[in-house]
2 protein chains.
Amino acid sequence: MATTPKRRLPVMADVAKEAGVSHQTVSRVLNDHPNVRADTRARVEEAISRLGYRRNLVARALVTKRSRMLGVVSFDTTLYGPASTIYGIEQAARTAGYFVSIVSLKSLDATSVRAAIDYLTEQGVDGVVVVAPQRSAGRALESLPSGTPAVAVEGTHRADVSVVCIDQFEGARLATRHLLDLGHETVWHVSGPPDWLETEGRLAGWRTTLEAAGRPVPPPLPGDWSPRTGYEAGRRLAAMDEVTAVFAANDQMALGVLRALSEEGVKVPDRMSVVGFDDIPESEFFSPPLTTVRQDFDAVGRRCIEALLRQIDSGPVAYERLVVPPAFIVRSSTAPAR
Amino acid sequence: MATTPKRRLPVMADVAKEAGVSHQTVSRVLNDHPNVRADTRARVEEAISRLGYRRNLVARALVTKRSRMLGVVSFDTTLYGPASTIYGIEQAARTAGYFVSIVSLKSLDATSVRAAIDYLTEQGVDGVVVVAPQRSAGRALESLPSGTPAVAVEGTHRADVSVVCIDQFEGARLATRHLLDLGHETVWHVSGPPDWLETEGRLAGWRTTLEAAGRPVPPPLPGDWSPRTGYEAGRRLAAMDEVTAVFAANDQMALGVLRALSEEGVKVPDRMSVVGFDDIPESEFFSPPLTTVRQDFDAVGRRCIEALLRQIDSGPVAYERLVVPPAFIVRSSTAPAR
DNA sequence: CTGTTAGCGCATTCAC
DNA sequence: GTGAATGCGCTAACAG
């Protein structure tokens, strides 16, 4: 049956024999224990490289009960936001000496999220970060076995799960305020899909700013983050003469709006100003270049790992809520009202 | 020291005691062995759920020498291509019952790639897929310990490493041919960064098609995938009166070209036709909507996992080269030559 | 059908 | 400083 002779990989005992010491001592040099004489250490290290020995982290994890592996559960990692966040997480984790095991879900319902977390737990991750921007996902976190180190990106209000998020409200306020300061009577909004925390935060920031300024609050146009829904909203906006300023909940929808406006002959920013959210790499080259709100996903990733390691190293900690501030980027898609 | 009493998680022995059987029988029901009486199985399953038992896959991996974990090494997972490929890989892997551990590199030099693979190997992955679109990364694969199941996306020519790739040459041929068929005398090209296999494949497809048609081959304008370099190329192109058709090596650069052309008052597609490559979600809403070459990243991910599992399950196999065909998407950025 | 006996490769007591 | 036991939680033989 077995066609391959498959020579066994060297284990610690082989190194020990080769170096003429006990496997114990090998373990010591591998883990930088102080109590090893310099020349013994050298002998062992030489044996290691001669045999091409690589330690077996699985066996190590079994006894230490630490896998040095973190789990990440996320929704559609093809989107710019999640992809960037995960990239940040992975970089920070690896710097701290941890691996990252990823599960990308097609749907963020409570059942899927729970299954993903269970899956990761069985596999022995030391902690998990859930990139769970939807309310339903946040609820799934509530059933997480207490004691498991966990961090959520944008979500949940469970007392022992820390949260890292970008200040959506503030970002939306910045966008709306910018448009108002430009002299626009009010600002229309193309929102994200319901149940998303980002959608709610941006909606609230926009609405509150308008109300605080005593301006009328037009009904938000619903979108789903895709350029297509932005395009559809754009068509409707173009048909309404009184509209002079639009705040789209993300850059992709803003692109759709721009496209619809261009088709309808509505000049941006002359007749209408448009603001997005995210600052994807493409935004700077839209026609016209998009004024938008930049999110620092790298910082989010770093904060997640910091918070998670804090829990892993010192046990349950007080609930934390780490808020990363957004930045406002002014480009050419906005101008003073006529 | 230990402030938390930390109740130990239930292990197989606990379940066994609870169900009044041996831990072996528990193992049998967990692994769906046939030789277990129905009522015994039921008792065990009940005990499992009563205790909230979760099996320890680390211990399992130690004895089976199978971690059911795959490693992925990739470059900048923030880019649409890598992100989509990894998404496809993760989906396919999970369907097959495997986890995916990801390492995203900032630079794909041979040293980094080798370190990443070593890292993953120590950690006990059953196989690795390297999303290594650069020549230098391919070379790193050549030092991979023989016998390790591995698959490369776009790269390497090592005899025992299978490759999955999209037919770049054909995609570029389609794009160039389309422009030529529209009556353009020749086609200019904004290329990707050197050392990338995609860059070379697209360059070759473009050049060969031009030569086969007996057309002049203009010097390619160098880019680095970013919209900015496309923009710079666009400025130069706009300044040359004879240019009527441009093929950009990716959609982001095409966006930059479009932006530059728009600034210079060069109408697309009236005075100049533009084609991209990738079909990112935004392309359909560029101004004008972009004619481009679509890559099926999901298929790439699936093929990778299929090839990898084939190696894992049946040992080293003959070198395979799986080529995924591209699709050509005609939109509004191309038109007949004046 | 089910239980018993051995390890998987390593780190962690302890001795010396 | 170093070596000898012991066991992490599980599956793989082999009994019965």
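A note on names: the letters A, B, ... follow the listed sequences, proteins ahead of strands, and every chain is numbered from 1.
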(request) Can you spot which of A/Asn56, A/Leu57, A/Leu62, A/Val58 makes a side chain to side chain contact (heavy atoms under 4.5 Å, CB included) with A/Arg60? (result)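 It is A/Leu57, the one option of A/Asn56, A/Leu57, A/Leu62, A/Val58 that forms the side chain to side chain contact (heavy atoms under 4.5 Å, CB included) with A/Arg60.
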(request) Using a cut-off of strictly less than 4.0 Å, decide whether B/Asn35 has a side-chain nitrogen or oxygen near OP1 or OP2 of C/dT2. (result) no
(message) Please tell me if A/Ser22 has a side-chain N or O lying less than 4.0 Å from either OP1 or OP2 of D/dA4.
(response)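 It does not, given that no N or O in the side chain of A/Ser22 lies less than 4.0 Å from OP1 or OP2 of D/dA4.
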(request) Just compare C/dG3, D/dC8, D/dC10 and give me whichever is closest to any side-chain atom of B/Arg28. (result)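 Closest of the options to the side chain of B/Arg28: C/dG3.
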(request) Can you figure out which of D/dT2, C/dT2, D/dG7 approaches the side chain of A/Val63 most closely? (result) D/dG7
(message) Any donor-acceptor pair under 3.5 Å linking the side-chain atoms of A/Asp76 with those of A/Ser104?
(response)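 Short answer, no.
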(message) Rounding to an integer number of Å, can you tell me how far A/Arg54 CZ sits from C/dC10 P?
(response) 12 Å
(request) May I ask you to evaluate whether A/Thr25 reaches the phosphate of D/dG3, defined as a side-chain N or O under 4.0 Å from OP1 or OP2? (result) yes
(request) Determine: side-chain N/O of B/Tyr53 to OP1/OP2 of D/dG9, distance under 4.0 Å, yes or no. (result)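 So the side-chain polar atoms of B/Tyr53 never come under 4.0 Å of the phosphate oxygens OP1 or OP2 of D/dG9.
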(request) Take the protein atom CZ of B/Arg60 and the nucleotide atom P of D/dC8, then report the distance between them rounded to whole Å. (result) 20 Å
(request) Classify the side chain of A/Arg41 and the base of D/dG1 as holding, or not holding, a donor-acceptor pair under 3.5 Å. (result) no
(request) Determine: side-chain N/O of B/Arg37 to OP1/OP2 of C/dC1, distance under 4.0 Å, yes or no. (result)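 Checking B/Arg37 against C/dC1: no side-chain N or O falls below 4.0 Å of OP1 or OP2.
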With a cut-off of 3.5 Å and sequence neighbours excluded, list every side-chain donor-acceptor pair involving residues 107-118 of chain A.
unit_1   : atom_1 : unit_2   : atom_2 : d
A/Ser107 : OG     : A/Asp109 : N      : 3.4
A/Ser107 : OG     : A/Asp109 : OD1    : 2.5
A/Asp109 : OD1    : A/Ser112 : OG     : 2.6
A/Asp109 : OD2    : A/Thr111 : N      : 3.3
A/Asp109 : OD2    : A/Ser112 : N      : 3.2
A/Asp109 : OD2    : A/Ser112 : OG     : 3.2
A/Arg114 : NE     : A/Ser143 : OG     : 2.8
A/Asp118 : OD2    : B/Arg54  : NH1    : 3.1

(request) Test ring-ring contact (aromatic ring centres under 6.0 Å, His included) on A/Tyr80 and B/Tyr80 and set out the steps. (result) CA-CA 8 Å; A/Tyr80 182 71; B/Tyr80 182 72; over 10 Å; no
(message) Between B/Lys65 and C/dG9, is there a contact of a side-chain N or O with OP1 or OP2 at under 4.0 Å?
(response)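 For B/Lys65, the contact criterion (side-chain N or O under 4.0 Å from OP1 or OP2 of C/dG9) is met.
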(request) State whether the side chain of B/Ser162 and the backbone N or O of B/Val151 hold a donor-acceptor pair below 3.5 Å, judged by distance alone. (result)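 Judged by distance alone, no pair lies under 3.5 Å.
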(request) Return the value, rounded to whole Å, for the distance between atom CG of A/Leu30 and atom C1' of C/dG9. (result) 12 Å
(message) If you only use heavy atoms from C-beta on, which nucleotide in C/dC10, D/dC10, C/dT12 is closest to the side chain of A/Ala59?
(response)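 Nearest to the side chain of A/Ala59 among the choices is C/dC10.
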(request) Provide, to the nearest angstrom, the distance between the CZ atom belonging to A/Arg66 and the P atom belonging to D/dC8. (result) 18 Å
(request) Kindly say if A/Thr64 contacts the phosphate of C/dA11, meaning a side-chain N or O under 4.0 Å from OP1 or OP2. (result) no
(message) Between B/Glu320 and B/Arg310, does any side-chain N to carboxylate O distance fall below 4.0 Å?
(response) yes
(message) Just the rounded figure in Å: distance from C1' of C/dG3 to NE2 of B/His23.
(response)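 Nearest whole value for this atom pair: 8 Å.
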(message) Classify A/Asn56 by what it touches in the nucleic acid, base, sugar-phosphate, or nothing, heavy-atom distance under 4.0 Å.
(response) sugar-phosphate
(request) Using the closest heavy atom to pick a nucleotide of DNA chain C for each, name whichever of B/Thr40 or A/Met12 lands nearer the 5' end. (result)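 That would be B/Thr40.
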(request) Provide, to the nearest angstrom, the distance between the CG atom belonging to A/Leu62 and the P atom belonging to C/dC10. (result)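 So the CG-P distance, A/Leu62 to C/dC10, works out to 12 Å.
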(message) Applying a 4.0 Å non-hydrogen cut-off, can you work out what A/Val21 is touching in the nucleic acid: base, sugar-phosphate, or nothing?
(response) sugar-phosphate
(request) Rounded off to whole Å, could you give me the CG-to-P distance for the B/Asn31 and C/dT2 pair? (result)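 In whole Å, C/dT2 P lies 15 Å from B/Asn31 CG.
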(message) Measure CD1/B/Ile48 against C1'/D/dC10 and give the value in whole Å, please.
(response)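 It works out to 13 Å between those atoms.
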